[in-house]
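Numbers restart at 1 for each chain; the letters A, B, ... are given by sequence-line order, proteins then strands.
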Amino acid sequence: MQSSRGWFSFMDDSVTETLSQALQGTGEQPDREPDTEILFGNLRGSVVGLRYYTGVVNKREMVSLVRQPQNPHDRNAVMVANVYGSQVGHIKRELAASLANIMDNNLARIDGVVPFGATNVFTMPVVLSFWGTEENRHAVVQQLSSHGFKLQTGSSGTNTHAHCANAASCVGICLTLCLKNAFDSLFEDLMEDKNGEREAAVCTPLLPHQKQALSWMCVCENSVALPPFWEDKGGLFYNTLTYSSVRERPQRVRGGILADDMGLVRLWRLCEWMCDCHVSDQSLRGPVGFLQCSNLRQTDCIPRLRVCENSPGNMPAFLCLCTCVCVGKRAGSEVGAAIAAPSPSPDDTAATTTLIICPLSVLSNWLDQLEQHVRPDVRLNVYLYYGPERNRDPRFLSTQHVVLTTYNVMTADYSGSGGPLHSVTWLRVVLDEGHVIRNPNAQQSKAVLDLNAHRRWILSGTPIQNSLKDLWMLVAFLRLKPFDVREWWNRVIQRPVTVGDKTGLGNLQALVRCITLRRTKTSRVGGRPLVSLPKRSFNIEEVELTTREREEYELARTEGRATISRYVEEGSVLRNYADVLAILVRLRQFCCHPDLLGSTLSQTGVVTATPAELRERLIERLRLVLGSGSDEECPVCLSSVRLAVITHCAHVYCRPCIAEVLRTEQPARCPLCRGPIKASELVEFPQEVEEEAGGYPSENWRSSSKVDALMSSLLRLRCEDSSIKSLVVSQFTRFLSLLEVPLREEGFRFVRLDGTMSQRRRAQVIQEFQSHSPGSPLVMLLSLKAGGVGLNLTAASHVFLMDPAWNPAVEDQCVDRCHRLGQTRDVVITKFIVKDSVEENMVKIQRQKQDLVEKAFGTNPSKRKTSRIEEIQALMEL
DNA sequence: ACCGCCGGGTGCC
DNA sequence: ACCGCCGGGTGCC
């Protein structure tokens, strides 16, 4: 099942996990959300029975505890295993009785570290750390103390988990993680760290980033370097994070993640190079692939979506890599693999087939690319493993150079165990749009992990979509020891990072850096920009309201001003913050279209009786503000609110941001109004809520100045050049609905993309919009929040920003959907701003915003508070 | 295990 | 001595 999109799926998962735990009882290992766990304390125990087992540990090595309820000697038995899962011993009986209770009831997750005495013969010490949710803390402490054990709290000397040293570092980390481009923040200053280009492999005009990607992939497939965090210690290999060691050399993953956030590469260039160039690598000589695909044309079952001119993602680079290897087999002769394997390891020679798995939506894309660009004088056997008639014979499949299939087909074949694709040992498995396997519980993820391959690649523009958790599946697929086991990933990477540990973040950076190639349009190679993009220009178009609109607007404004200035005088702006936001949203909506405001938003300033009623009203008001689509700002991270939660005092924050406050402040206070806040009183606000479906019948419809301004721009554009496509962006989903009417009337073909749409529908819409065929949509109505990272809308070269956002970064991000690699035209951005309105003031504030973000780092919260009030006053011209 | 614990042998100084 | 003390056997869960 496709998990829901965006940050919201983070919550879905945790809910599902809790549920499944409850249903399973003592089934699989509990898989709680490590992000929300806190450290209860540490306890010194001992591991006994060492002489009966072979598992060894090093000083400071991490160990894991495994329950053995079936142990004949003691049903409370708790086994101790090292990083590789070999048994080291057992927890001493008395302590085990207590631990068994905690573990069986999922009260805490228990980590072990052997601080010293690793070479002992009979017993060794172990420091146990107890992690769990706040509500279980008491039960754990109670359980332990009833057996006479006392948890050590605070940072005692033996605690190996670094703690958040101070609130400041926590806020720093929170900020880092709250940034939408969390993934890119992992790459700070690392962009140029890659192996550069491999000049030897290049002799035709290959674009710099193509050279870079290809040579990087070659290095990854052939490198004999140790995986990250391993050291050669005179014959023994030593892991610097877990302190474990092994005798045999840990194998680095042959492969990695190609995470370019741009429509990369012109395929023909690569193929040109593959065909014509002669490189120092002897093995690469010779022609490259003629597409020998017996069944490609008989696959009517595949929806052949129109292929965009610009191949998405890294498909072409991969095609190149894959075919390079295939091509080693020249007409008849069995030359070993080519560029990708100058010195093939023995087991590699057996397997020669590359399996490419992709979503159905891009399958036809791969096919077309292969068909169009592989040279006709070389045989390249490509088999499309799809459709009811597919050849399921593993021996046949292994004779192909490339086998192409979809996640669904592979998963259906697998159904829990095996299947033809699992009977082949592949030279290489490539996961296109690899982020689709981010949910480890999904069948397709399990199936993918079970494939046999020598080399593994992931293509994904957005490897991290929601949280660090997304990365685990990818790391597991790449078999990056020991992180392919969830426990070690959680302990060594995920939890330290979320707890705010600087070294944890450093480790994550190091890890990601060595398995990922990440380039964005601003990346540089050898000091030069990787790609040069068409120009982009930015215009603000002032919109004058009609006299009637102006009258109505002034009425609302005066009313709003009166309310807010009363709050200012009373000093209660922050207490009535939701009300203030509602007034602002109302005015902002008015600037777009008078019919935009929901009826419930229009009444303000009603004096309510009890404080409880007042609170309810404020929270309700905030829900309406968020429900309108308005991109509100989180006062903690100063970015757009993600995973919105509303406090008791009616302020809105990102869930992770407020969780951080709750964890670090005792007692916790609302960063805005300093009122007490409790985790239990937070109100979740679902990310994308369907507003009451606003069908706007043409007869009741009226225009507005801003709508007119947009329409005249669009009509003029269509007149000048009917091939120009436009993005029309608004925060307010209702506004998008309103805009449909005049678009339809003027005969514009358009599509709509907003947050409520299913992943499948989105893909369809994007595909449709990106198409260049005559009659394809000229306009896309895009909700600001749906225009997140990863979207490729290069078909558009004009962007109309219908309403200003608080956060200019969000607008930039939206514009970047079309101003990215693959864009052939100059991009023109038009922002409509109503003259003499709250919008104008928002733009002014936007300009100061970047400055404010910088200042907010490290300044005290009260400063933020005052700047917030000043901001509101500026908006209302008070 | 250079321990702890068990249980049998032993028994004033 | 229904003790203390000694010294041998013994050893995860």
Side-chain angles (χ1 to χ4, degrees), chain A residues 21 24-32 39-132 136 139-152 156-161 236 239 242-247 482 485-488 490-491:
Chain A
Q21 275 167 39
Q24 283 171 9
T26 53
E28 288 174 24
Q29 208 180 331
D31 208 18
R32 248 171 293 119
L39 179 66
F40 297 155
N42 300 310
L43 182 66
R44 175 85 158 269
S46 45
V47 188
V48 294
L50 302 182
R51 59 177 149 162
Y52 301 99
Y53 307 102
T54 53
V56 289
V57 291
N58 292 314
K59 184 178 174 180
R60 287 187 291 180
E61 181 164 341
M62 298 180 172
V63 290
S64 64
L65 305 193
V66 183
R67 272 286 282 131
Q68 287 185 326
Q70 305 300 332
N71 190 301
H73 305 280
D74 183 357
R75 60 188 177 80
N76 289 327
V78 176
M79 184 258 257
V80 177
N82 67 13
V83 172
Y84 299 95
S86 321
Q87 181 161 8
V88 177
H90 279 105
I91 293 291
K92 215 164 147 52
R93 201 182 198 102
E94 302 76 31
L95 182 53
S98 212
L99 298 191
N101 182 297
I102 292 168
M103 292 170 85
D104 294 347
N105 293 308
N106 272 335
L107 296 177
R109 186 193 299 269
I110 309 173
D111 291 348
V113 170
V114 175
F116 52 84
T119 54
N120 291 0
V121 187
F122 302 101
T123 72
M124 60 172 69
V126 61
V127 176
L128 304 174
S129 309
F130 294 75
W131 298 80
N136 288 329
V140 170
V141 171
Q142 196 63 39
Q143 167 61 32
L144 287 168
S145 73
S146 73
H147 287 253
F149 301 106
K150 193 172 182 300
L151 267 188
Q152 303 291 310
S156 64
T158 49
N159 177 20
T160 51
H161 288 281
L236 220 58
N239 188 297
T242 62
Y243 297 98
S244 60
S245 53
V246 273
R247 198 161 291 283
V485 174
R486 186 68 164 265
E487 175 176 1
W488 304 114
N490 284 344
R491 280 182 65 173

Find the distance [X]:[atom1] to [N]:[atom2] and express it as a whole number of Å.
X      : N      : atom1 : atom2 : answer
A/E94  : C/dC12 : CD    : P     : 13 Å
A/H73  : C/dC12 : NE2   : P     : 10 Å
A/M124 : B/dA1  : CE    : P     : 14 Å
A/N120 : B/dC2  : CG    : C1'   : 13 Å
A/L99  : C/dC13 : CG    : C1'   : 13 Å
A/Q87  : C/dC13 : CD    : P     : 12 Å
A/Y52  : C/dG11 : OH    : P     : 7 Å
A/K92  : B/dC3  : NZ    : P     : 16 Å

A/H90 over C/dC13, stacked by centroid distance under 5.5 Å, angle under 30°: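 Given the distance and angle limits, no, they do not stack.
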What do you reckon, do A/F122 and the base of B/dA1 stack, with centroid distance below 5.5 Å and planes below 30°? yes
Is any side-chain nitrogen or oxygen of A/R51 closer than 4.0 Å to OP1 or OP2 of C/dC12? yes
Give me the distance, rounded to whole Å, that separates C/dC5 from C/dT10 when you measure between the P atoms they each carry.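 Straight-line distance between the two P atoms is 25 Å.
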Could you give the distance separating B/dC2 and C/dC13 at their C1' atoms, to the nearest angstrom?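 The same atom, C1', in both gives a distance of 26 Å.
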Using the test ring-ring contact (aromatic ring centres under 6.0 Å, His included), find all partners of A/Y53 that sit at least two apart in sequence or belong to another chain. A/H90
Sub-4.5 Å side-chain heavy-atom contact between A/F130 and A/N136: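 No. Closest side-chain heavy atoms not under 4.5 Å.
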Supply the atom-to-atom distance A/S129 OG to A/R491 CZ, rounded to the nearest 0.5 angstrom.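 CZ of A/R491 is found 7.0 Å from OG of A/S129.
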Is any N or O donor-acceptor pair between the side chain of A/D74 and the base of C/dC13 shorter than 3.5 Å?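 Flag unset: no donor-acceptor pair detected.
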Donor/acceptor link under 3.5 angstrom from A/Y53 side chain onto base of C/dC12: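 A donor-acceptor contact between them is present.
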Students often get this wrong, so: under 4.0 angstrom with heavy atoms, is A/L50 touching a base, only sugar-phosphate, or nothing?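 Contact class for A/L50: none.
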Shortest side-chain distance from A/R93, nucleotide among C/dC12, B/dA1, C/dC13: C/dC13
Base-pairing mate for C/dG11 - Watson-Crick or G-U, with both contacts under 3.5 Å: B/dC3
Give a yes-or-no answer on whether the side chains of A/S244 and A/N239 include a donor-acceptor pair shorter than 3.5 Å. no
Among all residues two or more places apart in sequence or in another chain, which pass the side chain to side chain contact (heavy atoms under 4.5 Å, CB included) test with A/P69?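 Expected list: A/R67.
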